[in-house]
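Everything on this sheet refers to the single structure shown next.
No experiment lies behind these values; they were computed from the predicted model shown.
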Amino acid sequence: MWEDSLTVFCGIDWAERHHDMALVDDTGTLLAKARISDDAAGYKKLLDLLAEHGDSPETPIPVAIETNHGLLVAVLRTGSRKVFAINPLAAARYRDRHGVSRKKSDPGDALVLANILRTDMHAHRPLPTDSELAQAITVLARAQQDAVWNRQQVANQVRSLLREYYPAALHAFQGKDGGLTRPDARGILTLAPTPAKAAKLTLAQLRAALKRSGRTRAFDSETERLRGIFRSEYARHLPAVEDAFGHQLLALLKQLDAACHAADDLAAAVEEDFHQHADSEILLSFPGLGPLLGARVLAEIGDDRSRFAEARALKAYAGSAPITRASGKKRYGGRRFIKNNRLMNAGFLWAFAALQVSPGANAHYRRRREHGDWHAAAQRHLLNRFLGQLHHCLQTRQYFDEQHAFAHSLKNLREPAIGRRRCQCTRLDSPRD
């Protein structure tokens, strides 16, 4: 019979087709175990079993699982339930506490996860309670980032193929912004997939191809340039071999077109949702952050303000803060390898873009280089500073103010006098320049 004073913990070992779950009390006694299917009926069975052991909207049973996404996690996160995503490496270490024989089973792993919450729930953080809009931005921003990476991967394959038989195309488009992913490059290569066909293109055909790709000016100079390149002297394959390469190029160009359209469509969806979020204006007030990059940052940090109690927690999560290993007389400080790689990727782009538009960021970066940092270390140090300022701005609902944020780095400003620490931001209701 269920006792109200009993504390219950749940562990779920998830798989593709089924999931094993275990319930333990505060003494470690196994209360129940079951295997559920990965469908609506299985989820209902899980919720019914939790309810039999005291689960309610007021006192939900916490759940430990080795993933932070999927329909099962979405079902568990409804209401106020705390769901803990346990790193599989950490769960494997906990398994050794229950036996040294290295035995392993799915029901046993579910029991291990439940006992992790029973003994060390204070050492693990539950999944953040982000808003619905923030979760949608996360899905779109990650999908757009994946689409950009996929687009670049296919573009690299096209470039590698062109090096084999079509160097004129590389000379024509590689040096331009966007390279082979440009609409005009894809259109002309589709029209002339071999050097022989490219050499026969007339000025009128080139002009029409440029117009179809969306170009609106400088037609004459561009068509003359392209015709001159395509009719220059290059080493060539035999005609039949060259045609075979052309068929391969056309197949890759179809993939590249699809990847480019997918990245563009997702970018438009990301920007639309991002501008609807309350944090978008604060993020856009930072130098180097545009809608896409700002959406990627928001996607990874979320809008649950209780997720990072201090700025150093956000810095550690991003991987910008150094990590220290000290033992005896040895002490080592270096960069973090366990981090949110998506946030770090967006952070490096953010720091690099800020160098071009922010005198304070540029001065801070130069000072770190003069201090002896390599380029990547100086960028990481700049990102670390930006993240601390971002945490402060989001917590206090203020805009970024460069004159305060980089006062010590700007030559025309002095360090503030001893006394109260100056704010690094401008109030949201104050006028902006």
Side-chain angles (χ1 to χ4, degrees), residues 1-95 97-98 104-136 138-139 302-309:
M1 184 175 180
W2 171 256
E3 298 179 4
D4 293 337
S5 60
L6 193 64
T7 303
V8 180
F9 307 91
C10 177
I12 299 178
D13 182 78
W14 71 285
E16 182 175 348
R17 297 183 179 179
H18 63 264
H19 314 289
D20 287 276
M21 58 91 64
L23 293 171
V24 300
D25 61 17
D26 54 357
T27 64
T29 302
L30 178 63
L31 301 177
K33 64 178 182 178
R35 171 167 288 186
I36 62 173
S37 56
D38 186 41
D39 52 22
Y43 303 154
K44 184 179 184 302
K45 178 181 178 181
L46 169 63
L47 295 178
D48 291 343
L49 191 57
L50 291 175
E52 291 177 9
H53 290 80
D55 183 73
S56 67
E58 296 76 21
T59 58
I61 294 177
V63 176
I65 189 170
E66 291 180 321
T67 183
N68 62 354
H69 60 273
L71 288 174
L72 176 60
V73 175
V75 170
L76 291 172
R77 293 183 69 181
T78 55
S80 58
R81 184 189 316 280
K82 290 185 177 181
V83 179
F84 295 79
I86 307 298
N87 188 295
L89 292 177
R93 302 299 184 273
Y94 274 99
R95 192 186 303 125
R97 296 173 57 179
H98 296 265
K104 183 185 183 303
S105 66
D106 293 343
D109 286 347
L111 181 61
V112 168
L113 290 168
N115 279 299
I116 289 176
L117 294 187
R118 180 180 66 87
T119 59
D120 293 327
M121 187 165 65
H122 64 281
H124 299 274
R125 290 191 302 179
L127 293 177
T129 56
D130 293 329
S131 66
E132 182 178 353
L133 180 57
Q135 294 182 49
T138 299
V139 173
D303 59 2
D304 181 3
R305 297 283 83 89
S306 63
R307 183 179 185 182
F308 304 106

Minimum heavy-atom separation for [X] and [Y], please, with both atom names.
{"X": "N87", "Y": "L89", "value": "OD1-N, 2.8 Å"}
{"X": "R95", "Y": "K104", "value": "NH2-CE, 3.6 Å"}
{"X": "P60", "Y": "D55", "value": "CA-OD1, 3.2 Å"}
{"X": "D26", "Y": "F9", "value": "CA-CE1, 4.1 Å"}
{"X": "S80", "Y": "P57", "value": "OG-O, 3.3 Å"}
{"X": "D39", "Y": "S37", "value": "OD1-OG, 2.6 Å"}

Are the side chain of [X] and the backbone N or O of [Y] linked by a donor-acceptor pair below 3.5 Å?
{"X": "R77", "Y": "P128", "value": "yes"}
{"X": "D120", "Y": "A123", "value": "no"}
{"X": "D130", "Y": "G302", "value": "no"}

Does either side chain, that of H19 or that of D13, offer a donor lying less than 3.5 Å from an acceptor on the other one?
no
Any side-chain heavy atom of [X] sitting closer than 4.5 Å to one from [Y]?
{"X": "N68", "Y": "V73", "value": "no"}
{"X": "F84", "Y": "E66", "value": "no"}
{"X": "D25", "Y": "L30", "value": "no"}
{"X": "M21", "Y": "K33", "value": "no"}
{"X": "Y43", "Y": "L72", "value": "yes"}
{"X": "I61", "Y": "R81", "value": "yes"}
{"X": "P62", "Y": "M121", "value": "yes"}

Candidate list L113, D106, I12, D109, test side-chain contact (heavy atoms from CB on, under 4.5 Å), partner D20, passing option:
D106
Determine the sole option in V63, L111, L50 for which the side-chain contact (heavy atoms from CB on, under 4.5 Å) test with L23 is passed.
L50
Output all residues satisfying side-chain hydrogen bond (donor to acceptor under 3.5 Å, both in side chains) with S306, sequence neighbours left out; order by chain, then residue number.
D304
Worked check of side-chain contact (heavy atoms from CB on, under 4.5 Å) between I86 and I65
CA-CA 6 Å; I86 307 298; I65 189 170; over 6 Å; no
Parallel, tilted or perpendicular: which one describes the rings of H69 and W14, with boundaries at 30° and 60°?
perpendicular
Evaluate the side-chain contact (heavy atoms from CB on, under 4.5 Å) criterion for residues V24 and V8: first the C-alpha distance (whole Å), next the side-chain angles of each, then the deciding distance (0.1 Å), finally the verdict.
CA-CA 6 Å; V24 300; V8 180; over 6 Å; no
Distance check, rounded to the nearest 0.5 Å: [X] atom [atom1] versus [Y] atom [atom2]?
{"X": "T7", "Y": "L117", "atom1": "OG1", "atom2": "CG", "value": "12.0 Å"}
{"X": "C10", "Y": "H53", "atom1": "SG", "atom2": "NE2", "value": "10.5 Å"}
{"X": "T129", "Y": "Q135", "atom1": "OG1", "atom2": "CD", "value": "9.0 Å"}

Residue set satisfying salt bridge (charged side-chain N to carboxylate O under 4.0 Å, His left out) with R118, at least two apart, ordered chain then number -> none
Within the supplied structure, the quantity of interest is the number of heavy atoms (other residues, nucleotides, ligands) at a distance under 6.0 Å from [X] [atom1]; does it exceed 12?
{"X": "K44", "atom1": "NZ", "value": "no"}
{"X": "R93", "atom1": "CZ", "value": "no"}
{"X": "L71", "atom1": "CG", "value": "no"}

